[in-house]
Amino acid sequence: MKINTYSKLREELHRRGLFTQNSSLSAALLVMEPAICAGSIYFLCRSEILSVSYLFWLAVAGISMFRCFSLLHECGHRAMFRSQRSNTLAGYFLSAFCLVPFTPWRELHLQHHKWVGVIDRDPTQAGLLKLREASFLKRQAFRWVWWFCVPIPSIQLIFSVFWLHPFKKSTTRKSRNSGLLSLIVCLVPQVTLGLTMGMSNWLSYILPAIIFYFFWFEAINFTHHSGIFPFTSKTRSTPIPLHEQDSVSRTSSFSKLLSTVLAYNFNFHTEHHYFPTVPWHNLPEVYSLVQATGDLGTYEDVPMLGFSAKLRLSDPVKIYIDPVKNLQV
């Protein structure tokens, strides 16, 4: 998008109040979504394993975990509440339901927004560079994991990038301390559940819901930047400005109702990269305003379910390894 178009659009968003947080709605969701998550797990645990009821509540629990992550994401951008403290406390609380440690994720996610498209500077994508040296067997294993929808990529992303961040030497003491607290907040509920219900029941009921959550995490998230890795810091030393981030992100639209129910509008991703602090409930309106500009440049809008299925049926080596193979690092 051209800078002049972007500036006018930003002014229009301010005029319409689309950057303004809705604290009442956020407070209601902060109660409702964890209640849905806990309730679905309760009914899941009361269902016979692999019954229709079991599979239904497993899916509801997994999607609710992702919705908790979406709300945590809002907290990271200060889009839930007006005060930083309220967003931070809400982020810690929600992390217990989605297994994403809040402060390490927030620190690294803001770096993602700054350096998206510059792969070695973006902490959420830099790990792909290591895959360039993957052996034939590892590449084959990657293909089968991908094709059979085993969510190892999202699990590896969350645990190797966010969970391990507090233990890195480059992490400051303040970040390390808050990061360790974030890990404890994520771990305590799962340990408590395991001790209360027994490990065999945890493995039979809770773990499958978590795995489905990671699968849904991939289905939503991996449409946004997959295959778009144009730069390293050798070829671009400065961040891509917000108005040009349509060149390194995608929106994956479907009905506004499903966008809300399944992902709290997390799929309006280019709009989010244009304006990271716009609350989730205003993104559909931003989407409409973006379309109305007529200045879409490299903007890409793909059908969420169709494009996600296309990704899953494609060769992941060609999506994630080949595009970075010849990048200068």
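- Remark: side-chain polar atoms of T235 are not paired, donor with acceptor, to backbone N or O of F231 under 3.5 angstrom.
- Judged purely by atom type and a 3.5 angstrom limit, N265 has no side-chain atom pairing as donor or acceptor with the backbone of L283.
- Side-chain contact annotation: S26 with S23, donor-acceptor N/O pair under 3.5 Å absent.
- Within the 3.5 Å criterion, the main-chain N or O of T260 finds a donor-acceptor partner in the side chain of R67.
- No hydrogens or angles considered: a donor-acceptor pair under 3.5 Å links the side chains of Q291 and Y299.
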- E271 and T251: CA distance, side-chain angles, deciding distance, side-chain contact (heavy atoms from CB on, under 4.5 Å) verdict: CA-CA 7 Å; E271 289 72 21; T251 281; 2.5 Å; yes

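- In terms of modelled atom types and a separation under 3.5 Å, the side chain of S95 and the main chain of Y92 share a donor-acceptor contact.
- Counting heavy atoms from C-beta on, the side chains of L9 and M1 come closer than 4.5 Å.
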- Query: Checking ring-ring contact (aromatic ring centres under 6.0 Å, His included) for the pair F43/Y54: CA distance, chi angles, key distance, verdict?
  - Reply: CA-CA 8 Å; F43 287 112; Y54 174 91; over 10 Å; no

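- T293 places a side-chain N or O within donor-acceptor distance of the main-chain N or O of D295, the cut-off being under 3.5 Å.
- Cluster membership check: L193 shares its hydrophobic cluster with F214, using side-chain heavy-atom separations under 4.5 Å among Ile, Leu, Val, Met, Phe, Trp and Tyr.
- Hydrophobic clustering keeps V185 apart from V188 (ILVMFWY residues linked when any side-chain heavy atoms are closer than 4.5 Å, directly or through intermediates).
- Between D315 and R143 there is a salt bridge, since at least one side-chain N of the basic residue sits less than 4.0 Å from a carboxylate O of the acidic one.
- By the 4.5 Å heavy-atom criterion applied to side chains, T88 and C75 are not counted as neighbours.
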- Is there a side-chain contact (heavy atoms from CB on, under 4.5 Å) between L110 and R106 once you walk through the steps? CA-CA 6 Å; L110 294 179; R106 180 177 62 187; 4.2 Å; yes

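- Under a 3.5 Å cut-off, the side chain of S178 and the backbone N or O of S175 do form a donor-acceptor pair.
- Using a 4.5 Å cut-off on side-chain heavy atoms (C-beta onward), H224 and H273 make no contact.
- Contacts of F215 classified as ring-ring contact (aromatic ring centres under 6.0 Å, His included), with partners at least two apart in sequence or in another chain: F212.
- In the model, E107 has a side-chain atom that pairs as donor or acceptor with a side-chain atom of H165 under 3.5 Å.
- Judged by distance alone, with hydrogens and angles left aside, the side-chain atoms of R78 form no donor-acceptor pair with the main-chain N or O of N87 at under 3.5 Å.
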- Evaluate the criterion ring-ring contact (aromatic ring centres under 6.0 Å, His included) for residue pair H14 and F19; output intermediate values, then yes/no. CA-CA 6 Å; H14 275 292; F19 287 97; 4.3 Å; yes

- Query: Taking it one step at a time, do W146 and Y320 satisfy ring-ring contact (aromatic ring centres under 6.0 Å, His included)?
  - Reply: CA-CA 11 Å; W146 183 254; Y320 295 104; 5.5 Å; yes

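- At least one side-chain heavy atom of W280 sits under 4.5 Å from a side-chain heavy atom of L25.
- Side-chain N/O atoms of Y264 and E33 include a donor and acceptor closer than 3.5 Å.
- Under the side-chain contact (heavy atoms from CB on, under 4.5 Å) test applied with I41, the options L58, I36, I206 reduce to a single match, I206.
- No side-chain donor-acceptor contact under 3.5 Å links T232 and D120.
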- May I have the step-by-step check of ring-ring contact (aromatic ring centres under 6.0 Å, His included) for H269 and F266, ending in yes or no? CA-CA 6 Å; H269 206 67; F266 202 77; 5.7 Å; yes

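- No donor-acceptor pair under 3.5 Å is formed between the side chain of S64 and the backbone N or O of V60.
- Side-chain contact of T270 with D246: a donor-acceptor pair under 3.5 Å is absent, judged by distance alone.
- Neither side chain, W115 nor Q125, offers a donor N or O lying under 3.5 Å from an acceptor on the other.
- Judged by distance alone, the side chains of N267 and S252 never bring a donor and an acceptor atom under 3.5 Å apart.
- Residues passing the ring-ring contact (aromatic ring centres under 6.0 Å, His included) test with F142, sequence neighbours excluded: none.
- Counting only N and O atoms by type, the side chains of S182 and T103 include a donor and acceptor under 3.5 Å apart.
- Under the 4.0 Å criterion applied to side-chain N and carboxylate O atoms, E12 and R15 are assigned as salt-bridge partners.
- A donor and an acceptor atom, one from each side chain of T298 and S247, are nowhere located under 3.5 Å apart.
- Judged by distance alone, with hydrogens and angles left aside, the side-chain atoms of W147 form a donor-acceptor pair with the main-chain N or O of S314 at under 3.5 Å.
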- Task: Carefully, step by step, assess D122 and Q111 under the rule side-chain contact (heavy atoms from CB on, under 4.5 Å).
- Result: CA-CA 6 Å; D122 180 350; Q111 287 297 305; over 6 Å; no

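- Residues meeting the side chain to side chain donor-acceptor pair (under 3.5 Å) test with S86, sequence neighbours left out: S83.
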